[in-house]
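The structure under discussion appears below in the form of structure tokens.
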Amino acid sequence: MKEKAILIICDGMGDRPIKGKTPLQMAKKPNIDKLAENGICGMMHTIAPGVIPGSDAGHLSIFGYEPNLYYEGRGVYEALGAGIELKRGDVAFRCNFATVDGNLKIIDRRAGRLKDEGKELEKSFAGVKIDDVEAIFKSTTEHRGVLVLRGAGLSSKISDTDPHAENVKILESKPLEENKEARKTSEILNKFTSLSHKLLSENQLNKMREKQGKLQANILLARGAGAYKKIESLYERHGFRSACVAGGALYKGVAKAVGMDVIYVKGANARVDTDLNAKARAARDALKKYDFVFVHVKGTDNVSHDGDLNGKVKMIERIDKLVGELMKSDIYLILTGDHSTPVGLKAHSADPVPVVIHGKGVRVDDVKKFDEISCARGGLGHIRGLELMPIIVGFMGYAKMHGS
Ligand code: ZN
Ligand code: ZN
């Protein structure tokens, strides 16, 4: 008998005690605690003990893909998540519209935080080619976008043009390996950066912004180069169909990289004001067509990076309602995080995250609350991210016997 499953990953949900309690312990979350009470709990080191997971590598690991083998660089996932169909050998970057002065010194790395103007500015890049390389640029949200370089003999082993700071000159991309591919790609990126300055300075919208006394979005800064190669999908590995319900491009991208279909959900974004009802509806709907549905919630990480304890507790309480909705389906429901982001640190940490599996036949342990302390006593013990998917696959009835 084959079963279905929903995996909810709450970004950066894990935390450390603040005056004796973690945000998960402070939050009122009856549904999530019911999940723990009737499920099997544990702690998970997303990548490995002591390793601080980035969100992309953390998700890959949870989906069962060893990041040391499969991680391609953030640009790849951002580009896939933005809906660009990548081809083998493409090199992808995350980009920012920024404001520079005449000496290419950065005045604002986010060009005054653009709203929807990116789509208009993007038009300046239609059909751009540099030497024999196609440069595909797509704006995504606010000041953000993705760049894909497509052509023969490219490499992702090059440095960023984004200095990640203001009041300094933009950087020249340099090869990080001594070979002609890396040299060529860094040269192309430098030429693209100069061209972006020229094209954007000529853009009508920017001329208007200048007249209005607004900052011009007059250059594109690139970072996080990644080279795309197709990897074996979840379907090829396990034989079930999977889909992703997420707001953030990065998560859609990682999901796409492992072969999930991405479901577009109106009102779902990567912020705290994301429409969790819409996501719950979309996930339950998706179960009609798919066997495995991944639901991502980003808000817990955003408030953690802001050091907003109250915001984190509230976000967890909102997630509790999402869990309540999803519990109505007779499926395996798994809840965890991709890493801890302690509000006291405002950054990711290597602390393991709690995990619970709820559904038919699990060995219910005596953990009654879902948090970092209680789950450490659970029946799953301490697992690594890479071990979660095989366990889920087993409950779903897709595991193959080892031996005979
Ligand atoms: Zn994350
Ligand atoms: Zn984060």
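Just so you know, ligand 1 is whichever comes first in the structure, and atom 1 is the first atom listed for that ligand.
- Between NE2 of His339 and OD2 of Asp11, the angle at the Zn ion (ligand 1) works out to 150°, rounded to 10 degrees.
- Contact detail for Leu335 and Cys10: the closest heavy-atom pair is CD1-SG, 3.8 Å.
- The Zn ion (ligand 2) sits nearest to atom OD2 when only the N, O or S atoms of Asp301 are considered.
- Enclosure of atom CD in Glu85 is not indicated, since only 12 or fewer non-hydrogen atoms of other residues, nucleotides or ligands lie within 6.0 angstrom.
- At a threshold of 4.5 Å between non-hydrogen side-chain atoms, the residues Ile392 and Phe292 count as touching.
- Not a single N, O or S atom of Thr341, from either the backbone or the side chain, sits less than 2.8 Å from the Zn ion (ligand 1).
- Closest to the Zn ion (ligand 1) among the N, O or S atoms of Asp338 is OD2.
- A salt bridge does not link Glu202 with Lys207: every distance from a Lys NZ or Arg NE/NH1/NH2 to an Asp or Glu carboxylate oxygen is 4.0 Å or more.
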